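Structure first, commentary second.
Everything numeric here is computed off the predicted structure, so don't read it as measured data. The basis for the numbers below is simple: all heavy atoms, side chains too, and nothing from hydrogens, waters or symmetry mates.
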2 protein chains.
Amino acid sequence: MNSIETSITAADRTFIQLRNDIVEGRIEAGAKLSEVELSTRYDVSRAVVREAINRLESVRLIERKPNVGARVVTLTPQGLIELYQIRESLEGMAARLAATNMTDDEITALRELLKTHASELIDGQSYYQEAGDVDFHYRIVQGSKNQQLISLLLNGIYHLVRMYRVQLGMTGPRVTTALNEHEQIVNAITNRDPELAEILMRRHITYSKNTIEKRLNQY
Amino acid sequence: MNSIETSITAADRTFIQLRNDIVEGRIEAGAKLSEVELSTRYDVSRAVVREAINRLESVRLIERKPNVGARVVTLTPQGLIELYQIRESLEGMAARLAATNMTDDEITALRELLKTHASELIDGQSYYQEAGDVDFHYRIVQGSKNQQLISLLLNGIYHLVRMYRVQLGMTGPRVTTALNEHEQIVNAITNRDPELAEILMRRHITYSKNTIEKRLNQY
DNA sequence: ATAGGCTATATTGTCGACAATATCAGAGTT
DNA sequence: AACTCTGATATTGTCGACAATATAGCCTAT
């Protein structure tokens, strides 16, 4: 009866819904997650809500205290900086590995992606800023072919970063420069130059970090 | 009634027990984790076993398929290499940050630790190889003061590495050299030299990785 | 004899109820 | 008035039962 796709449980759905609601700010930072309230809201039993909450905890989107409950993690600017430090390190490595491990086809597809982004920029579709950047980084990470690394970033860190960014009110800054940086990185990968790819990716993320730090200091 | 420490639930205990049993090889790689069997073995309900299994999955010690069950992750040498690549990157960063962020007291304590290790080595207490190395790395990571990084390594990656090492039968190689490398790293941190600390730590882990790769190729 | 489908069985997913714990309000004491 | 103790209440932790799904074995048809 079920297709090739592995079946999906209520807990899976609830987990994803909850994650989106948190990451996109519909459930705000620091908010208490009441199991009964959520179970009525999503129309499932408390057991599946608990399972969803458990998974959210393991991604550090929420914090749990025994016998007290779970709260959405409270954001500190410092936390965002810490995440960008980690990204700098891990994604630098991802770019280096990608320069060796990506297939020619994957690289071609990546170049196509950048072209699309460039044309959209000209059209002024600024909402693609964010999505485009995310897309780009996803591909590089997957191009590393390091499964542990892929899981770490895609299932964990990226969601955290996205939440912090939404909640601190920083969406898509410095668009055109970033696109330029993307192109340089892809060039390095095309030339199968691991060291350069790593350096450029680290620099790219460092720039983002600096932008964020500046903005945070405005307060 | 409860002390300063936050209380511990049955799920916590079961999680830790299960994790130890897996990491130390008492439950072997690829083994099926039957919920009912475990619930009788640890004398708790299926619900708490499920919660424990959930947490184990998020650390990638086990893999779950919906409606089928959980199995201890099957080890591949490639996976261990991947983990060491990640360690190289993350712990290099940890060392760099530690050179800036560790307090003088923490550094002093770290030097003491190394002295202890050295004397134990002379006594031939080889069983400290492993524990000593782990101890050392723990301190550096915590010295980074990057909470995200600390959580990532201590709660996640280290347990995975330990499991792989146990199951692939590689415990404590190249002891004396490692101690020497530890000393160099601590020196760099003492001198508050972030760049050098990073380089040395990366090299230290690369050596370990090479040793492992050599051993794996013996098959 | 083999391939395909069906049934039986075992395992996981989900649920509602009960137990244990923390939190808050109020009474009483100094 | 402040402080502690006690009890009421709400929330989480744990449990056993039921529902849904997958798997293996058997049976049938070609």
Side-chain angles (χ1 to χ4, degrees), chain A residues 1-19 21-22 27-74 155, chain B residues 1-19 21-22 27-74 155:
Chain A
M1 177 47 75
N2 63 344
S3 58
I4 35 202
E5 278 307 316
T6 151
S7 57
I8 275 195
T9 74
D12 290 326
R13 279 194 306 275
T14 309
F15 166 64
I16 293 175
Q17 277 192 342
L18 244 179
R19 187 177 64 187
D21 285 348
I22 290 175
I27 299 177
E28 61 189 30
K32 172 94 191 289
L33 295 178
S34 161
E35 294 181 358
V36 293
E37 185 199 325
L38 292 177
S39 72
T40 61
R41 159 131 58 125
Y42 296 120
D43 196 36
V44 288
S45 80
R46 260 187 65 216
V48 336
V49 170
R50 275 178 73 81
E51 179 163 340
I53 288 182
N54 269 325
R55 294 198 217 168
L56 287 173
E57 185 191 18
S58 68
V59 194
R60 287 192 299 288
L61 280 173
I62 67 167
E63 283 172 351
R64 258 177 93 193
K65 266 194 262 184
N67 294 310
V68 173
R71 313 194 82 92
V72 177
V73 78
T74 65
N155 297 329
Chain B
M1 179 43 77
N2 62 346
S3 58
I4 32 192
E5 278 308 316
T6 151
S7 57
I8 275 195
T9 75
D12 289 326
R13 279 193 306 272
T14 309
F15 166 64
I16 293 176
Q17 277 191 342
L18 244 179
R19 187 177 66 188
D21 285 349
I22 290 175
I27 299 178
E28 63 188 30
K32 172 98 192 290
L33 295 178
S34 161
E35 294 182 358
V36 293
E37 184 199 325
L38 292 177
S39 73
T40 59
R41 161 130 57 125
Y42 295 120
D43 196 37
V44 287
S45 82
R46 259 188 65 216
V48 336
V49 169
R50 275 179 72 82
E51 178 163 341
I53 287 182
N54 268 325
R55 294 200 218 167
L56 288 173
E57 185 190 18
S58 67
V59 195
R60 287 191 299 287
L61 281 173
I62 68 168
E63 282 172 352
R64 255 176 94 193
K65 266 195 262 184
N67 294 310
V68 174
R71 313 194 80 92
V72 176
V73 78
T74 64
N155 297 330

Discussion item. Would you say A:K32 places a side-chain N or O within less than 4.0 Å of OP1 or OP2 belonging to D:dT12?
Written reply: yes
Worksheet item: Is A:V49 close to A:V44 at the side-chain level, that is, under 4.5 Å between some pair of heavy atoms?
Response: yes
Worksheet item: Once you round it to whole Å, what is the distance between P of C:dA10 and NZ of B:K65?
Response: 21 Å
Item to complete: State, with a plain yes or no, whether a side-chain heavy atom of B:D12 is found less than 4.5 Å away from one of B:R55.
Response: yes
Worksheet item: Can you tell me if A:R71 uses its side chain to pair, donor with acceptor, with the backbone of A:G30 under 3.5 Å?
Response: yes
Worksheet entry | Gap between atoms CD and P, on B:E35 and D:dC15 respectively (whole Å) | 14 Å
Fill in: d(CZ, B:R13; P, D:dT14) in whole Å
8 Å
Discussion item. With a cut-off of less than 4.0 Å, is there a side-chain N or O of B:R64 near OP1 or OP2 of C:dG13?
Written reply: yes
Worksheet entry | Whole-Å distance separating the CZ atom of B:R71 from the C1' atom of C:dT12 | 14 Å
Worksheet item: How would you label the contact of A:A10 with the nucleic acid (heavy atoms, under 4.0 Å): base, sugar-phosphate, or nothing?
Response: sugar-phosphate
Worksheet item: Does OP1 or OP2 of C:dG13 have a side-chain N or O of B:R50 closer than 4.0 Å?
Response: yes
Worksheet entry | Value in whole Å for how far the P atom of C:dC15 lies from OH of A:Y42 | 15 Å
Item to complete: Using whole Å, report how far CG of B:D12 lies from P of D:dT12.
Response: 16 Å
Discussion item. Taking any heavy-atom pair under 4.0 Å as a contact, classify A:L33: base, sugar-phosphate, or nothing.
Written reply: sugar-phosphate
Worksheet, complete the sentence: Judged by nearest nucleotide, the residue sitting upstream toward the 5' end of DNA chain C, B:S34 or A:V48, is B:S34
Discussion item. In whole Å, I'd like the distance from the CZ atom of B:R46 to the C1' atom of D:dC18.
Written reply: 11 Å
Worksheet item: Hey, which of these two, B:V36 or A:S45, hits DNA chain C nearer its 5' end, going by closest nucleotide?
Response: B:V36
